[in-house]
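Structure first, then comments.
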Protein chains: 2
Amino acid sequence: MATIRDVANRAQVSTATVSAVINDSAYVSPELRSRVLAAISELNYTPSLAARSLKHGRSQLIALVVADLANPFFARLVWAAEAAVAAWGYSLVLFNSDEKPENERRILARIRMLSCDGIILVPVDVASTIPQRDSEGEPIPTVLFGRTVEGQPTDTITIDNVSAARQVTNYLMDLGHTRIGTICGPQHLSTGRERLDGMLQAMRARGLEPSPQHIRPGEFREDTAYSVARDLLLQPDPPTALYVANGVMALGVMRALADLGLKCPDDISIASTDTIPGIGALRPRLTRTEHPVVDMTNEALRLLVDRINRGVRIDPRNVVFQPSLVVGESCGPCRGQ
Amino acid sequence: MATIRDVANRAQVSTATVSAVINDSAYVSPELRSRVLAAISELNYTPSLAARSLKHGRSQLIALVVADLANPFFARLVWAAEAAVAAWGYSLVLFNSDEKPENERRILARIRMLSCDGIILVPVDVASTIPQRDSEGEPIPTVLFGRTVEGQPTDTITIDNVSAARQVTNYLMDLGHTRIGTICGPQHLSTGRERLDGMLQAMRARGLEPSPQHIRPGEFREDTAYSVARDLLLQPDPPTALYVANGVMALGVMRALADLGLKCPDDISIASTDTIPGIGALRPRLTRTEHPVVDMTNEALRLLVDRINRGVRIDPRNVVFQPSLVVGESCGPCRGQ
DNA sequence: TTTTCATGGCGAAACGATTAGCTGGAGTAT
DNA sequence: ATACTCCAGCTAATCGTTTCGCCATGAAAA
């Protein structure tokens with residue numbers, strides 16, 4: 001690779017002048033400037049980001065750590081984040097913690113090595129701490145995405161999961177359902193907890209209580225949801241409606257229904273919080289909440305870049321987005337009992 | 001951040017010794033080694049990758065440039081690539097060219113700045129050249145993924161698209177279909193061309209020729225495929241079977257069928273090359289080819305790392321994977337005409 | 001004419017790691 | 001006792017930038 005020195009030699013100027021031309025950081029006479037530009041293009045010169053990074057401690061990298069890259073919800077986040085990161089002039093380094101705390105720790109250490117300027121983190125582990133830039137303790141600017149963890153004073157972007165679950169549950173109850181089951185998420189994740197909470201809140205507000213064997217953990221996974229749904233629906237006293245806590249699991253449930261030969265919404269009503277791309281081709285169309293992933297991502301980057309530039313002087317911010325209910329044909333009135 | 005000097009001072013040794021401990025690059029007495037390790041953990045020291053990168057020209061970064069991050073096929077590639085890249089000890093920098101040549105050029109320039117050690121590229125533009133590390137012309141190690149471009153002497157991973165399309169078409173013809181239509185991909189992409197070629201080859205081998213108005217470009221996009229399918233199926237003389245060139249478009253077609261009230265396979269048979277995750281929940285199950293994305297990605301990384309280590313001394317390699325036909329219930333025998 | 005001032009451009013010192021080459025003390029052979 | 005070997009550990013140069021401080025030149029002020 002050609003270096004700034006090669007350019008300086010060829011243009012008969014100093015490296016300082018070349019640098020000034022590249023960064024517009026000082027006035028350079030038109031004469032010299034054009035010589036420099038000519039040399040740059042003749043040598044096909046590109047400044048080295050590694051050297052720059054070393055000099056003034058900015059790597060131009062933003063790390064995105066997702067909890068499960070195989071989940072289309074996060075795939076969409078990746079898509080949106082790549083665009084936003086590029087728009088702000090950074091590059092995106094992508095990691096997948098695969099819902100494993102030990103991976104998360106390894107990844108955060110790696111991010112520190114890379115001296116990334118900022119982190120967008122879908123946290124897995126309550127205990128894993130944001131890496132410190134310094135032993136005095138200035139942390140790397142970080143935005144938590146989608147999930148909350150206890151006692152981390154960081155910027156956070158979340159969705160109102162309780163509201164989402166309430167909306168869906170109320171919708172089912174409005175149709176007359178009282179025996180509502182759920183395939184819920186892991187209770188160690190805030191999303192899992194909040195969505196179950198929202199459902200329970202909504203039911204209790206109308207004096208209902210789901211039967212304990214109608215509450216099944218589905219781990220936010222398609223295959224788990226598939227078998228849990230089969231199991232749940234084959235039991236003697238199945239629910240008349242099912243609230244599914246996320247999009248991938250909804251897919252698994254629909255697959256289970258098809259395999260069991262159950263008709264939706266005639267035999268059972270299905271609704272979910274969260275969705276996945278491509279679910280629009282399913283018939284019946286799923287009643288669900290849609291979460292504004294793109295807006296959330298853009299906001300996450302706004303917060304992150306702001307903190308990168310202004311440091312710890314600003315207090316942690318917490319932005320909560322609202323989900324919206326999209327009604328399909330997967331839910332019908334409760335027939336008899 | 002603590003530096004190697006801080007560690008050296010605290011452990012009362014030279015930076016050379018610290019470096020030797022970190023990299024196991026020379027013998028260090030147990031005494032000093034333990035002092036160094038203690039200092040490292042007390043200061044919470046991590047070596048700076050930027051400085052390392054500057055010194056011996058390896059950034060530990062591998063760039064992945066996909067053509068359309070919103071497409072679940074590529075999302076899957078991203079997932080597999082992240083895992084493979086991490087397994088080889090690198091980190092993944094992700095870019096989305098969004099099928100636009102000018103983006104691709106911008107991205108490749110950026111990759112050069114970052115001095116990435118290697119590139120996995122889903123190429124968009126025939127003309128865009130692999131960036132040169134050097135004005136003498138040693139290129140950055142690159143593997144082209146999924147698509148080929150003319151006259152680039154680089155390693156390539158592809159799928160046998162012609163065979164995929166032939167298999168699907170033969171399957172449809174075996175069911176008795178003769179009026180087969182297709183929603184094909186863009187003809188400026190090798191995947192688009194080869195899949196259409198394969199279909200035409202298969203039909204001509206049996207003395208058939210699709211009617212020109214049954215060959216419709218769908219741009220590999222869900223929404224385009226949706227409207228093209230509507231249009232195609234509403235015309236006076238619709239095909240009895242439809243070959244769709246990729247997974248996302250198949251989703252669009254299924255959605256169009258549902259909206260038109262057409263029954264598959266009774267009213268029309270549908271089959272595709274390529275698939276997308278989650279298509280398993282659709283009923284009827286789609287007859288399609290499956291492409292071994294994970295194997296392809298692992299092989300891509302194997303080739304890439306090999307070339308990073310061995311440079312230009314090895315000739316370009318071209319690995320072609322074979323698709324497999326997965327039969328669902330979306331195709332039926334041709335009824336009368 | 002001399003002094004002051006402004007300023008375009010340059011030289012050289014960082015940034016944090018690696019590594020070639022050197023130093024000096026202990027062990028061995030003569 | 002001298003010379004030689006060996007090797008753990010150190011010093012200092014280097015990678016490619018940015019940037020501080022300086023120099024020299026020419027214009028303006030006295």
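Convention: sequence-line order gives letters A, B, ...; per-chain numbering from 1. Note that this is a predicted model, so its numbers are computed, not measured.
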Mind checking whether A/Leu114 and B/Leu61 have side chains closer than 4.5 Å, heavy atoms only?
yes
How long is the line joining CG of A/Leu32 and P of C/dT7, in whole Å?
17 Å
Under 4.0 Å between a side-chain nitrogen and a carboxylate oxygen: does that hold for B/Arg302 and B/Glu299?
yes
Over 12 non-hydrogen atoms of neighbours within 6.0 angstrom of CZ in B/Arg5:
no
Kindly write out the residues that satisfy salt bridge (Lys or Arg N to Asp or Glu O under 4.0 Å) with A/Glu99, not counting sequence neighbours, or none if the list is empty.
A/Arg147
Separation of D/dA8 atom C1' from B/Gln12 atom CD, nearest Å, is 17 Å
Let me confirm one number: the CD1-CG distance from A/Ile157 to A/Asn318, rounded to the nearest 0.5 Å.
8.0 Å
I need the OH-P distance between B/Tyr27 and D/dG9, as an integer number of Å.
7 Å
Does a salt bridge link B/Arg58 with B/Asp117, judged by any charged N lying under 4.0 Å from a carboxylate O?
no
Would A/Lys100 and A/Asp125 pass as an ion pair if we require N to O under 4.0 Å?
no
Residues A/Glu102, A/Arg106: salt bridge by 4.0 Å N-O rule
no
Could you tell me the separation between the CG atom of B/Asp6 and the P atom of C/dC15, rounded to a whole number of Å?
10 Å
Terminal axis angle for the helix from C/dT1-D/dA30 to C/dT30-D/dA1, five pairs an end, nearest 10 degrees
60°
Base contacts versus sugar-phosphate-only contacts with protein, heavy atoms under 4.0 Å: please encode nucleotides 12-23 of chain D as B, S and - from 5' to 3'.
B-BBBBBB----
